[in-house]
Amino acid sequence: MTSDATVRRQTLFWLAATALVLFAGIGLRYPWPADEPRFAQIAREMVESGQWLFPTRGGEYYPDKPPVFMWLSALFFQLVGNLKLSFLLPSVLASIGTLWLVHDLGRRLWNPQTALFAVLVLAFTPQFLLQGKAAQIDALVTFWITLGCYGLLRHFLTGPHWRWYFVSWVAMGLGIMTKGVGFLPLLMLLPLALWVRNPGPGAEPVWRWRLLAGLGVMLVTLACWLVPMLVQVEFLGGETLLAYRNDLLFRQTGERFVNAWHHVKPWHYFFTQAIPVVWFPLPIIMLVLIKPLVALLRQDAKLRVLLAWVGLVLLFFSISSGKREVYIFPALPMLSLVVAVLWVNGRELPLAKRLDGFFRWLMPGIAALLTGLGLLMWLAPERLPGKLQDYADIVNAVATPLTGLGVALIVVLLWLRRSDLFVRLAAASLVGWLFVALLVWPRVDPYRTPQDMMQAVEQHLPPGAELGLIAFKEQFLLFSQRPLTHFSYLAPLLQQEQNAWIWMREAPNRHLLVPTDGELGCFDVSRAVSLGEAHRREWVLLGPDAVRPTCGTPARLQRFHYQPVTNGVLP
């Protein structure tokens with residue numbers, strides 16, 4: 001039987017290996033659509049303007065999310081000085097923090113071996129590294145939610161630990177300031193109330209009226225942001241700031257949950273479509289070992305608390321009509337502990353050995369398939385399906401790395417053929433992400449950014465020209481080498497066009513960058529200069545000769561001016 005010291009060394013190795021993979025690739029790509037360029041540009045504008053209280057995108061207030069993630073992105077940009085190097089750091093560090101919290105809970109609530117397997121579960125579950133290597137809000141809010149759960153569990157299951165209890169409420173406040181769902185650890189109080197009692201006489205109770213002070217701690221944490229923001233809105237006034245406040249506090253939270261206007265999915269979406277993919281192979285493991293899991297749940301109240309909380313989170317998000325895979329990501333860290341306990345106690349059972357045997361065939365099969373696909377892309381791309389041939393440049397760029405990845409996976413699986421299933425899964429996952437970050441990202445990057453197109457803009461614009469944008473993407477702001485004017489990212493296309501028409505007629509040397517898929521009535525698109533494709537759309541440049549004599553009046557006069565100060569992501 002493996003000693004605790006050996007298990008701790010193995011755990012340290014896997015923690016370090018996962019952290020290394022999370023850091024791999026930083027500086028090798030620019031922010032990619034859809035979300036990364038938006039947050040990178042907001043961080044850039046915070047540093048350039050010194051205005052951190054109200055996030056802006058191209059000079060226009062951004063009301064969709066609270067500011068904590070943007071603050072951290074801006075802080076790292078200010079420290080590093082280049083967005084290409086800094087924009088991934090908040091997600092990477094948050095994921096490492098989540099990994100450590102899960103490991104420490106596994107060690108404290110169960111044993112070092114459970115801590116090891118929980119780390120391995122996160123390393124091989126696709127969603128964890130996918131979010132850890134993306135500059136989106138979800139890795140950070142998952143860290144705050146995991147920290148909130150950690151503090152509650154430390155208090156109720158290993159405590160009392162009042163300091164950790166109140167830390168959990170601070171984490172919830174910061175989570176709400178990152179994304180509205182940061183309060184999710186509160187749902188854990190229900191299973192804790194059902195299955196955790198005060199200790200016997202002579203021991204300090206964990207359930208006391210003092211618990212209610214946690215709510216005050218969370219409100220004080222929120223007030224550090226809300227009070228200055230609300231005071232500034234009231235003090236400065238103005239329709240724009242009032243709209244920002246109402247949109248952020250009401251429309252993007254309660255209204256979005258109750259009456260979602262995009263990503264509308266059926267109630268069962270998470271269970272039938274999302275979880276089988278982003279949490280693979282956890283559903284298979286839990287279904288195969290369902291009887292041992294039920295037996296463990298009867299014996300272990302700690303396990304019941306964690307799995308009940310995961311279920312409550314899934315239920316909470318299933319109620320809303322709007323659903324995305326990232327919504328359920330905060331439940332994954334606690335689920336990894338459940339799966340780890342299950343595997344520690346059930347891996348010697350016949351069903352677990354059959355599962356192991358299934359993956360012994362499946363994983364080399366996937367590796368061989370990747371090798372074959374890479375060779376096909378490399379040697380005979382004309383035989384690929386038509387949809388893949390539409391992306392011939394990208395296919396050619398990834399053919400060699402994909403072939404190398406398949407071969408590397410075969411080698412790793414042969415080397416670790418006698419190792420535990422979770423070790424093989426984690427090793428394959430980390431090797432895969434290393435190839436993606438170090439070899440695939442740099443090759444695909446030119447096709448995921450408008451860098452070439454923005455350079456083409458500079459070549460076609462005459463000296464002293466001004467540039468306007470309608471229906472644009474945030475990446476255009478990142479790669480622009482000149483001041484830009486736009487007409488509200490949030491406004492309907494017709495209103496943007498009508499405001500742009502007014503702007504174009506005010507001065508003779510103004511040009512407009514527009515996509516060709518929108519029907520424009522105020523401009524003669526036949527006079528446009530094509531600049532090529534970006535974001536799967538063709539973009540053209542309209543000059544003064546493309547302005548029609550008449551155009552409708554916009555419902556609201558709006559324009560925003562953005563002038564780059566820092567180099568941002570530019571080489």
Tell me, do [X] and [Y] make a side-chain contact under 4.5 Å, heavy atoms counted?
X: Phe128; Y: Thr98; result: yes
X: Val313; Y: Ile328; result: no
X: Pro66; Y: Ile176; result: no

Check ion pair [X]-[Y] (N to O, under 4.0 angstrom):
X: Asp64; Y: Arg38; answer: no
X: Arg559; Y: Glu506; answer: yes
X: Arg57; Y: Glu45; answer: no

Fill in: Option from Ser91, Ser86, Pro90 for which side-chain contact (heavy atoms from CB on, under 4.5 Å) with Leu72 holds
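Testing Leu72 for a side-chain contact (heavy atoms from CB on, under 4.5 Å) against Ser91, Ser86, Pro90 leaves exactly one candidate, Pro90.
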
Work out which heavy atom in [X] is nearest to a heavy atom in [Y]; give both atom names and the distance.
X: Ala24; Y: Leu434; answer: CB-CD2, 3.7 Å
X: Met504; Y: Gly543; answer: CE-O, 3.7 Å
X: Ala437; Y: Lys133; answer: CB-CE, 3.7 Å
X: Arg527; Y: Ala546; answer: CD-CA, 4.0 Å
X: Phe359; Y: Pro281; answer: CZ-CB, 3.5 Å
X: Leu370; Y: Gly406; answer: CB-CA, 4.2 Å

Would you check if the side chain of [X] reaches a backbone N or O of [Y] as a donor-acceptor pair within less than 3.5 Å?
X: Ser49; Y: Gln51; value: yes
X: Ser480; Y: Phe476; value: no
X: Trp71; Y: Trp52; value: yes
X: Ser73; Y: Ala40; value: no
X: Ser336; Y: Pro333; value: yes
X: Asn499; Y: Gln558; value: yes
X: Gln131; Y: Val326; value: no
X: Arg510; Y: Trp503; value: yes
X: Asp445; Y: Tyr30; value: yes
X: Arg44; Y: Leu478; value: yes

Worksheet entry | Verdict with reasoning, Leu335 to Trp279, per side-chain contact (heavy atoms from CB on, under 4.5 Å) | CA-CA 10 Å; Leu335 183 64; Trp279 287 1; 3.5 Å; yes

For [X] and [Y], which I'm curious about, is there any donor-acceptor pair between the side chains at under 3.5 Å?
X: Gln127; Y: Glu325; answer: no
X: Ser488; Y: Glu60; answer: yes
X: Trp144; Y: Thr178; answer: yes
X: Tyr244; Y: Glu239; answer: no

Worksheet entry | Phe487/Phe472 aromatic ring centres below 6.0 Å |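 Distance test on ring centres: not under 6.0 Å, no.
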
Discussion item. Please report whether the ring centroid of Phe39 lies less than 6.0 Å from that of Phe87.
Written reply: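 Centroid separation for Phe87 and Phe39: 6.0 Å or greater.
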
Practice prompt. Report the residue from Gln136, Arg29, Gln41, Gln475 that forms a side-chain hydrogen bond (donor to acceptor under 3.5 Å, both in side chains) with Glu36.
Written response: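 Between Glu36 and the candidates, side-chain hydrogen bond (donor to acceptor under 3.5 Å, both in side chains) is satisfied uniquely by Arg29.
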
Practice prompt. Using the side-chain contact (heavy atoms from CB on, under 4.5 Å) rule, take Asp247 and Tyr61 through it: C-alpha gap first, then chi angles, then the decisive distance, then the call.
Written response: CA-CA 11 Å; Asp247 205 351; Tyr61 294 127; over 6 Å; no

Fill in: Atom CH2 of Trp378 with >12 non-hydrogen neighbours under 6.0 angstrom
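Not more than 12 within 6.0 Å, no.
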
Worksheet entry | Audit row: Val540, Val529, side-chain contact (heavy atoms from CB on, under 4.5 Å) steps and yes/no | CA-CA 5 Å; Val540 296; Val529 176; over 6 Å; no

Worksheet item: Hey, does the Lys NZ or Arg CZ of Lys323 hover above the aromatic six-ring of Tyr269, less than 6.0 Å from the centre and inside 45° of the axis?
Response: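 No, Lys323 does not sit over the ring of Tyr269.
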
Discussion item. Distance check, rounded to the nearest 0.5 Å: Phe143 atom CZ versus Ile96 atom CD1?
Written reply: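 Result: 11.0 Å between the selected atoms.
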
Practice prompt. Just do the side chain to side chain donor-acceptor pair (under 3.5 Å) check on Glu538 and Ser530 with the steps written out, would you?
Written response: CA-CA 8 Å; Glu538 183 186 5; Ser530 178; 2.8 Å; yes

Discussion item. side-chain contact (heavy atoms from CB on, under 4.5 Å) for Leu282 and Val121? Distances and angles first, verdict last.
Written reply: CA-CA 8 Å; Leu282 303 189; Val121 169; 3.7 Å; yes

